[in-house]
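Treat the numbers as computed from the prediction; the structure is a model and nothing was measured.
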There are 2 protein chains.
Amino acid sequence: MSTTRPRPEDGDLDTRERIVRTASRLMQRQGYDGTGIKQIATEAAATHGSVYHFFPGGKQELAVAAIRRGDEEFAEELRRVLGRHDDPAEAIAACARQLAEGLRDSGWIDGCPVASTAIGTAGRVPDVQQAAAEAFAHWQEPVFAALRRSGIPDDDARELAHTVISTLEGAELSSQVSRSEEPLRAAGKHLARLIGLYRPKS
Amino acid sequence: MSTTRPRPEDGDLDTRERIVRTASRLMQRQGYDGTGIKQIATEAAATHGSVYHFFPGGKQELAVAAIRRGDEEFAEELRRVLGRHDDPAEAIAACARQLAEGLRDSGWIDGCPVASTAIGTAGRVPDVQQAAAEAFAHWQEPVFAALRRSGIPDDDARELAHTVISTLEGAELSSQVSRSEEPLRAAGKHLARLIGLYRPKS
DNA sequence: GTCTATACCTTGATAGAC
DNA sequence: GTCTATCAAGGTATAGAC
C-alpha cells in the first residue's frame with residue numbers, strides 16, 4: 001500500500017537520510033564531542049542550514065536520531081545472524097564472528113554504532129543516554145527469543161540475554177582497542193559454553 | 001631508600017599529580033574530545049601554562065598519562081578484590097559487585113577510567129590507543145594468575161582472562177548506560193558459572 | 001615553575017536571502 | 001528546502017614576564 005521504497009544506493013538519498021547516516025557513522029567512530037555539525041554536513045553533502053532545518057534541536061536531536069539508526073541496524077544484524085541457526089549457542093558464536101569480521105574489515109574503526117556516543121555522553125546529555133539505553137534493551141529481545149526457543153526457561157533466558165549483549169559489547173570494545181580478533185573469538189566460545197549449561201538436554 | 005612518599009590527601013599534591021588525576025577523572029566521564037585543557041587546568045587548580053610545562057606534548061601526552069593512571073588504579077583494585085578470595089569464581093563475582101557499587105555510588109557517572117577515552121580515539125590518536133591497549137592487557141594478568149592458582153590449565157586460563165575482562169567491561173558499560181546494576185549482577189553470576197566449568201574438581 | 005596574554009582556529013547556533 | 005554570512009564562545013597551543 002505504501003509507495004515502493006527506492007532502496008537508494010548512493011547519492012540519490014533524500015537529504016535527511018544522508019544526514020542521519022553520516023551522523024551515525026561519524027559518531028560511531030569519533031563519539032559525540034569528536035563529531036562536529038560541520039563535518040557531518042560536509043560529508044553528507046548537505047548544507048549547514050539543512051541540518052538545522054531537519055533537526056531544529058541541533059546536535060542533541062541529531063545524535064538521538066543517529067543512535068536510533070545504529071540501534072535499528074545492529075538489531076537487524078542480530079536477527080539476521082540468529083535466524084540462520086537453530087542452536088542458540090552456535091548462533092551467538094556466529095554473532096561474535098560476524099562482529100570480528102566487520103571490525104577487522106573496517107580497519108578496526110567501526111565498532112559498536114552506539115557505544116562511543118553513549119559512553120561519552122553518559123550523565124551529561126539525557127536524551128542521548130536514554131536513546132542508548134533503549135538500544136541496549138532492544139538488542140536483548142532477539143537474543144532472549146532465540147534462547148527461549150531452544151527451551152531455556154524465561155528467567156534464565158532473560159538473564160543470559162543481558163550477559164550475551166554485555167559480553168559481545170565488551171569484547172567488541174576490547175578487540176577494537178587491541179586491534180585483535182582474539183577477545184571476540186574467546187567471547188563467542190565462552191558464551192556458547194555458557195548457553196550450553198542452560199540448554200535442556202533434548 | 002627513597003624519600004618517604006607523603007601519601008597526599010587533598011590539596012597538598014604537587015601540581016603534576018593534580019593535573020594527571022584531574023585529567024584522568026574528567027576524561028573518564030567526558031572522553032577525550034569532551035574534555036578541554038582549560039577545564040583540566042581549572043579543576044586541578046593549576047594554570048594553563050603549568051599544564052604545558054609538564055606535558056609539552058599537549059593534550060595527547062596528557063591523555064596518555066591519564067590513561068596510564070586509570071590503568072594502574074583499576075589494576076590495583078582488581079588485585080585487591082581478587083586477593084580476598086581463594087575461589088576465582090567467587091573472586092570474579094566480587095569484582096562485578098565492586099564495579100556495580102562504585103558505579104551506583106558515583107551516580108552512574110564514573111565508569112571504566114579508560115573506556116571512554118579509548119573508544120573515542122580508536123584509530124585516530126595512536127599514542128592514546130596504544131596506552132589503552134596496554135591497560136586492557138595489564139588487567140588480564142591478575143585474573144590469569146588467579147585462575148591458574150586454582151588449577152586451571154594455562155591455555156584455558158589465558159582465554160578465560162580475556163573473556164572476564166571483556167565481560168566486566170561490557171557489563172559496566174551496559175550498567176552505566178541503563179543506570180542499573182542488573183547487567184553487572186548477571187555478568188558476575190555467569191562468569192562464576194563459566195569459571196566453574198573449567199575448574200578441576202578438587 | 002608559575003602565570004597572563006594572546007594568536008588562531010573551530011565549534012554550535014541563528015538570521016535571512018533565495 | 002537550500003544556502004551563505006555571521007556571531008559569540010570555546011578549543012589548542014605558544015610566548016614571554018616574573
Side-chain angles (χ1 to χ4, degrees), chain A residues 6 8 11-27 29-67 116-117 120-121 124-129 131, chain B residues 3 6 8 11-67 116-117 120-121 124-129 131:
Chain A
D12 58 339
L13 298 158
D14 62 18
T15 305
R16 198 197 133 97
E17 173 68 14
R18 284 198 319 270
I19 292 171
V20 173
R21 278 196 194 190
T22 306
S24 176
R25 200 186 61 243
L26 287 177
M27 287 188 182
R29 299 178 182 175
Q30 308 169 343
Y32 180 81
D33 290 296
T35 305
I37 300 266
K38 286 182 178 167
Q39 186 187 14
I40 294 169
T42 302
E43 297 205 15
T47 63
H48 201 197
S50 287
V51 173
Y52 281 94
H53 169 73
F54 289 109
F55 302 93
K59 196 177 184 179
Q60 291 193 20
E61 188 183 343
L62 180 49
V64 169
I67 292 260
S116 49
T117 306
T121 60
R124 294 194 303 140
V125 192
D127 292 356
V128 175
Q129 148 137 25
Chain B
T3 60
D12 58 339
L13 298 159
D14 62 18
T15 305
R16 197 197 133 97
E17 174 66 15
R18 286 199 316 273
I19 292 171
V20 173
R21 277 198 195 190
T22 306
S24 177
R25 200 186 63 242
L26 287 177
M27 288 189 182
Q28 171 184 35
R29 297 178 184 174
Q30 307 169 344
Y32 180 82
D33 290 297
T35 305
I37 301 266
K38 285 181 178 170
Q39 186 187 13
I40 294 169
T42 302
E43 297 205 14
T47 62
H48 201 198
S50 287
V51 174
Y52 281 95
H53 170 73
F54 290 109
F55 302 94
K59 194 177 185 180
Q60 291 192 20
E61 188 183 344
L62 179 48
V64 169
I67 291 261
S116 49
T117 306
T121 59
R124 295 193 302 141
V125 191
D127 292 356
V128 176
Q129 148 136 24

What integer distance in Å separates [X]:[atom1] from [N]:[atom2]?
X       : N      : atom1 : atom2 : result
B/Tyr52 : D/dA13 : OH    : P     : 4 Å
B/Phe54 : D/dT14 : CZ    : P     : 17 Å
A/His53 : C/dA15 : NE2   : P     : 16 Å
A/Asp33 : D/dT12 : CG    : C1'   : 15 Å
B/Leu13 : C/dG1  : CG    : P     : 15 Å
B/Leu62 : D/dT12 : CG    : C1'   : 12 Å
A/Phe55 : C/dG12 : CZ    : C1'   : 16 Å
A/Gln39 : C/dC9  : CD    : C1'   : 15 Å

Answer yes or no: is there a side-chain heavy-atom contact under 4.5 Å between B/His53 and B/Thr47?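 Not in contact.
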Determine whether B/Asp33 and B/Arg124 make a side-chain contact, defined as any pair of heavy atoms from C-beta on separated by less than 4.5 Å.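 Answer yes - side chains close enough.
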Taking A/Thr42 for its side chain and A/Lys38 for its backbone only, find out whether a donor-acceptor pair lies under 3.5 Å.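 A pair under 3.5 Å: yes.
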Polar pairs (N or O, both sides) under 3.5 Å between protein and nucleotides 3-6 of chain D?
none

Counting only pairs under 3.5 Å, give me each side-chain donor-acceptor contact of residues 54-67 of chain B, with atom names and distances, residues two or more places apart or in other chains.
from    : atom 1 : to      : atom 2 : distance (Å)
B/Lys59 : NZ     : B/Tyr32 : O      : 3.0
B/Lys59 : NZ     : B/Thr35 : O      : 2.9
B/Glu61 : OE1    : B/Gly57 : N      : 2.5

Of A/Tyr32 and B/Thr15, whose nearest nucleotide on DNA chain C comes first from the 5' end?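 The answer here is B/Thr15.
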State which of D/dT12, C/dA13, D/dT2 makes the closest approach to the side chain of A/Ile37.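 Selected nucleotide: C/dA13.
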Reported CG-to-CZ distance for the pair B/Leu26 and B/Arg21, which is rounded to 0.5 angstrom: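 Answer for the CG-CZ pair, B/Leu26 versus B/Arg21, is 13.5 Å.
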If I take atom CD1 from residue B/Ile40 and atom NE2 from residue B/His48, how far apart are they, to the nearest 0.5 angstrom?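 Between atom CD1 of B/Ile40 and atom NE2 of B/His48 there are 9.5 Å.
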